[in-house]
Visitor: 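Below: one structure in structure tokens.
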Amino acid sequence: MMDILENAATRWLSRRAQPQPSALAAIVGLTPAVVITGGASGIGLALAHEFAKCESALVLVARTQSRLDRAAAEIAAQRPGVRVETLLLDIASPDAADVINAILAEKRLYCDVLVNNAGVGQSGPFSASAIGGLDALIATNITAVARLTRAMLPGMLARGRGGVLSVASLGALIPGPHQAAYYASKAFVVSLSEAIRSEIAGRGVRVAVILPGPVETRFHARMDAEGALYRYFIAAASPERVAALTVRGYRLGRGLIAPGIVPTLAVSVLRILPHAITVPVVRWLLDTGRPILPPGPSI
Ligand SMILES: NC(=O)c1ccc[n+]([C@@H]2O[C@H](COP(=O)([O-])OP(=O)(O)OC[C@H]3O[C@@H](n4cnc5c(N)ncnc54)[C@H](OP(=O)(O)O)[C@@H]3O)[C@@H](O)[C@H]2O)c1
């Protein structure tokens, strides 16, 4: 049933596709790959497992070799027929797209699906945020998503197939006091994805963005947010469930995927209620109690 629905979605999404013969000739003998940034752990790894059920090659990108090796071994053990390559790379580096394309060419692969999953958070008052962390957040969550998408999209359009799946957050729909830059960065991802989806409608390329609520990964501890109330009051979903719902939505050609009943309801609520009501609630949920001034002299 899923295959029938996926084929119907593909036909609709390809109604104006114009594959270029030269682009198709260029991939003869190459294997289509799903490139997953941050594919070594958390949601990215769960997405890798899910894509491994229906795709033949994966490229996992992250900055920690041991985690990449573990992830690749895990997937290979479960899906021996799937090729899993790893790439040790900081996607925030300016030449990240070139490095990915070079490794794809070397391995005789091409990017059929780009999953913009890698992301970092930053918790605490914006006025006290570490400048280095802020720069890294913008470079990873915003610049890298835009650059990688810009790098991979033309090839997909020329081939009249493929897709870009970006991981945003429910936080994209609302300002997030005490995670201000993070929430703003995810708003960028949603806006970019929806705009591109409209620009290329019918050209054979899927563009989807997902809006998960809290998910049980190392993400919260990494940004030192474990003390915030949302960690106690909102049940976190498992990465596996989020990934299963995401890949199903992606295959069905959906543009905006809220993975689960709670995120789906939350999307409606956040779109209806005014910020005057929702932002103070979010502030209360995200507050970690850290002071609004950085340590040391402020002027
Ligand atoms: N967890 C949640 O509650 C939640 C909710 C909504 C949305 N999200 C989003 O979901 C995505 C995945 O988060 P997660 O929860 O799975 O977090 P995670 O467990 O911390 O995983 C993040 C992955 O991204 C990689 N990564 C981070 N920065 C990178 C960089 N500059 N270059 C390459 N790889 C990088 C990390 O590996 P290395 O550190 O080894 O590079 C890791 O594999 C993020 O975009 C996050 O914003 C998470």
Side-chain angles (χ1 to χ4, degrees), residues 35-50 58-72 74-75 86-97 99-100 103 114-123 132-133 135-145 147-148 165-174 176 179 181-190 192-193 209-226 228 230-231 234-243 245-246 257-260 262-263 266-267 285-286:
V35 177
I36 306 177
T37 68
S41 61
I43 298 171
L45 176 57
L47 284 169
H49 277 287
E50 209 54 45
L58 307 175
V59 179
L60 311 181
V61 182
R63 295 165 303 175
T64 313
Q65 190 64 54
S66 56
R67 269 199 286 270
L68 280 166
D69 291 344
R70 219 170 23 242
E74 215 180 82
I75 297 167
T86 63
L87 175 57
L88 187 68
L89 174 71
D90 183 345
I91 59 156
S93 58
D95 61 346
V99 174
I100 293 174
I103 198 89
L114 169 67
V115 181
N116 287 312
N117 163 76
V120 290
Q122 191 179 46
S123 75
D135 287 346
L137 185 151
I138 291 169
T140 309
N141 298 10
I142 296 180
T143 311
V145 171
R147 277 174 171 259
L148 291 181
L165 171 65
S166 298
V167 180
S169 162
L170 273 182
L173 303 181
I174 185 172
Q179 290 189 24
Y182 175 67
Y183 273 46
S185 73
K186 293 304 183 179
F188 173 88
V189 175
V190 171
L192 183 76
S193 303
V209 60
I210 71 165
L211 282 72
V215 183
E216 205 49 66
T217 68
R218 297 177 308 133
F219 184 76
H220 313 278
R222 283 180 120 180
M223 67 164 151
D224 202 10
E226 288 294 5
Y230 80 93
R231 292 296 287 149
I234 304 178
S238 76
E240 291 75 24
R241 177 164 165 73
V242 169
L245 293 170
T246 296
I257 303 167
V262 175
V267 168
L285 286 168
L286 299 184

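These numbers were taken from a predicted model, which means no experiment stands behind them. We count ligands from 1, going down the list as the structure has it; atoms in each ligand are counted the same way.
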Visitor: Write out the residue and atom name of the closest protein heavy atom to atom 42 (C) of ligand 1, then the distance separating them to 0.1 Å.
Guide: Ser41 OG, 3.2 Å
Visitor: Measure the distances from the heavy atoms of Glu216 to every atom of ligand 1 and state whether one is below 4.0 angstrom.
Guide: no
Visitor: Can you find a heavy atom in the side chain of Phe219 that is under 4.5 Å from one in the side chain of Ile43?
Guide: no
Visitor: Any non-hydrogen side-chain atom of Gln179 less than 4.5 Å from a side-chain atom of Ser123?
Guide: yes
Visitor: Just jot down the ligand 1 atoms closer than 4.0 angstrom to any heavy atom of Asp90, in number order.
Guide: 30 (C), 31 (N), 32 (N)
Visitor: Do other residues, nucleotides or ligands put more than 12 heavy atoms under 6.0 Å from Arg231 CZ?
Guide: yes
Visitor: Do side-chain atoms of Ser169 reach the backbone of Leu211 as a donor and acceptor pair under 3.5 angstrom?
Guide: no
Visitor: What residue and heavy atom of the protein are closest to atom 7 (C) of ligand 1, and at what distance?
Guide: Ala168 O, 3.0 Å
Visitor: Just need the protein heavy atom nearest to atom 36 (C) of ligand 1, so name the residue and atom and give the distance.
Guide: Arg222 NH1, 3.6 Å
Visitor: Show me which atoms of ligand 1 lie under 4.0 Å from any heavy atom of Gly119.
Guide: 44 (C), 45 (O)
Visitor: Below 3.5 angstrom, do we get any N/O pair linking Ser169 and ligand 1?
Guide: no
Visitor: Please check: side-chain N/O of Lys186 versus main-chain N/O of Val167, any donor-acceptor pairing under 3.5 Å?
Guide: yes
Visitor: Pull out every atom of ligand 1 sitting under 4.0 Å from any heavy atom of Thr64, numbered as shown with elements.
Guide: 38 (P), 40 (O)
Visitor: For Pro214, counting its heavy atoms only, list the atoms of ligand 1 lying under 4.0 Å from any of them.
Guide: 3 (O)
Visitor: Can you tell me the protein heavy atom closest to atom 28 (N) of ligand 1 and the distance?
Guide: Arg63 NH2, 3.2 Å
Visitor: Which residue from Gly42, Ala62, Ala243 reaches closest to atom 37 (O) of ligand 1 through any of its heavy atoms?
Guide: Ala62
Visitor: Out of the candidates Asn117, Thr37, Asn116, only one should pair with Ser166 under the side-chain hydrogen bond (donor to acceptor under 3.5 Å, both in side chains) rule; please name it.
Guide: Asn116
Visitor: Show me which atoms of ligand 1 lie under 4.0 Å from any heavy atom of Gly38.
Guide: 23 (C), 24 (O), 25 (C), 43 (O)
Visitor: Does any N or O atom in Gly44 lie less than 3.5 angstrom from one in ligand 1, N or O only?
Guide: no
Visitor: Atom 3 (O) of ligand 1: which protein heavy atom is closest, and how many Å away?
Guide: Val215 N, 2.7 Å
Visitor: For ligand 1, is there an atom lying under 4.0 Å from some heavy atom of Thr37?
Guide: no
Visitor: Could you check if a side-chain atom of Asn141 sits within less than 4.5 angstrom of a side-chain atom of Val189, using non-hydrogen atoms only?
Guide: no
Visitor: Among all protein non-hydrogen atoms, which one is nearest to atom 14 (P) of ligand 1, and what is the separation to 0.1 Å?
Guide: Thr217 OG1, 3.5 Å
Visitor: Which ligand 1 atoms are under 4.0 Å away from a heavy-atom of Arg67?
Guide: 39 (O), 40 (O)
Visitor: Give me the nearest non-hydrogen protein atom to atom 33 (C) of ligand 1 as residue plus atom name, then the distance to 0.1 Å.
Guide: Leu89 O, 3.2 Å
Visitor: Can you tell if the side chain of Leu114 reaches within under 4.5 Å of the side chain of Ile100, non-hydrogen atoms only?
Guide: no
Visitor: Out of all atoms in ligand 1, which are within 4.0 Å of some heavy atom of Gly213? Include the element for each.
Guide: 3 (O), 5 (C), 6 (C)
Visitor: Let me know which of Val115, Val242, Leu58 forms a side-chain contact (heavy atoms from CB on, under 4.5 Å) with Leu47.
Guide: Val115
Visitor: Check His220 against ligand 1 and report side chain, backbone, both or neither, counting heavy atoms closer than 4.0 Å.
Guide: side chain
Visitor: Would you confirm whether Arg222, through its side chain, and Gly121, through its main-chain N or O, come within 3.5 Å as a donor-acceptor pair?
Guide: no
Visitor: Taking the side chain as every heavy atom from C-beta outward, state whether Leu87 and Val99 have any atom pair closer than 4.5 Å.
Guide: yes
Visitor: Polar contacts were defined as any N/O atom of the residue lying under 3.5 Å from an N/O atom of the ligand; does this apply to Val120 and ligand 1?
Guide: no
Visitor: Which residue supplies the protein heavy atom nearest to atom 47 (O) of ligand 1, what is that atom called, and how far is it?
Guide: Tyr182 OH, 2.6 Å
Visitor: Using the rule side-chain contact (heavy atoms from CB on, under 4.5 Å), only one of Pro263, Pro259, Pro239 pairs with Pro212; which is it?
Guide: Pro259
Visitor: If I compare all heavy atoms of Gly133 with all of Gln122, which pair ends up nearest, and what's the gap?
Guide: C-NE2, 3.6 Å
